[in-house]
Amino acid sequence: VQLQAFGGGLVQAGDSLKLSCEASGRTFRSYTMGWFRQAPGKEREFVATISRTGAVTDYADSVKGRFTISRDNAKNTVYLQMNSLKPEDTAVYYCAVDDRGFSRYDSSYAYWGQGTLVTVSS
């Protein structure tokens with residue numbers, strides 16, 4: 001599985017941004033998908049995950065109520081809608097494939113995209 005994330009950019013605090021991640025391969029709908037992020041000087045952290053059908057989602061507390069993960073299996077694409085962005089949301093955002101189940105832990109994710117940079121200015 002190959003993943004390509006895009007949609008990052010420079011925005012102001014309070015703005016919205018929508019990330020997309022396109023996956024190759026016909027088995028996209030077989031996998032849980034997740035978004036992670038890594039801020040400068042910090043470890044990579046979980047952001048959100050979505051089940052294979054999209055029926056179940058999970059979010060980090062820091063983004064709950066502001067971010068929404070969704071997927072379109074017909075387009076092999078997972079999205080991350082980010083609203084009310086804060087400077088602390090600044091990071092490189094990665095999409096990933098969880099081939100083990102439904103997890104917040106990056107060790108469960110086997111395939112990773114290249115990342116897209118989101119910068120939120122105050």
Greater than 12 external heavy atoms within 6.0 Å of Gln2's CD: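 Atom CD in Gln2 is not crowded, with 12 or fewer foreign heavy atoms closer than 6.0 Å.
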
Are [X] and [Y] side-chain neighbours, meaning at least one heavy-atom pair lies under 4.5 Å?
X: Tyr59; Y: Ile50; value: no
X: Lys75; Y: Ser20; value: no
X: Tyr31; Y: Asp98; value: no
X: Arg52; Y: Arg29; value: no
X: Val118; Y: Arg37; value: no

With Met82, the side chain to side chain contact (heavy atoms under 4.5 Å, CB included) member among Asp15, Leu19, Val11: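 For Met82, the side chain to side chain contact (heavy atoms under 4.5 Å, CB included) test succeeds with only one of Asp15, Leu19, Val11, which is Leu19.
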
To the closest 0.5 Å, what do you measure between [atom1] ([X]) and [atom2] ([Y])?
X: Glu88; Y: Ser122; atom1: CD; atom2: OG; value: 10.0 Å
X: Asn73; Y: Thr27; atom1: CG; atom2: OG1; value: 11.0 Å
X: Thr90; Y: Leu117; atom1: OG1; atom2: CG; value: 8.0 Å
X: Tyr111; Y: Ser24; atom1: OH; atom2: OG; value: 10.0 Å
X: Arg71; Y: Leu80; atom1: CZ; atom2: CG; value: 13.5 Å
X: Ser16; Y: Arg66; atom1: OG; atom2: CZ; value: 10.0 Å

Thr77 side chain vs Asp72 backbone, donor-acceptor pair below 3.5 Å: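 Pair absent, no side-chain N/O of Thr77 close to backbone of Asp72.
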
Polar side-chain atom of Gln4 near backbone of Gln114 as donor-acceptor pair, under 3.5 Å: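 Not confirmed, Gln4 side chain does not pair with Gln114 backbone.
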
Aromatic ring proximity Tyr109/Phe36, centre distance under 6.0 Å: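 Between Phe36 and Tyr109, which both carry aromatic rings, the centre distance is below 6.0 Å.
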
Indicate if [X] and [Y] have the same hydrophobic cluster label, given that clusters are the connected sets of ILVMFWY residues with side-chain heavy-atom separations under 4.5 angstrom.
X: Val92; Y: Ile69; result: no
X: Trp35; Y: Tyr79; result: no
X: Tyr94; Y: Val78; result: no

Check ion pair Asp61-Lys64 (N to O, under 4.0 angstrom):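 Looking at Lys64 together with Asp61, the answer is yes, because their closest N to O distance falls below 4.0 Å.
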
Side chain to side chain contact (heavy atoms under 4.5 Å, CB included) between Val97 and Met33, worked out: CA-CA 5 Å; Val97 171; Met33 298 295 297; 3.6 Å; yes

Over all atoms of both residues, closest heavy-atom pair of Ala23 and Leu3: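 Ala23 and Leu3 have their closest heavy atoms at CB-CD2, 3.4 Å.
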
Parallel, tilted or perpendicular, as decided by the 30° and 60° cut-offs, for the rings of Tyr93 and Phe67: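 Rings of Phe67 and Tyr93: tilted, 30 to 60°.
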
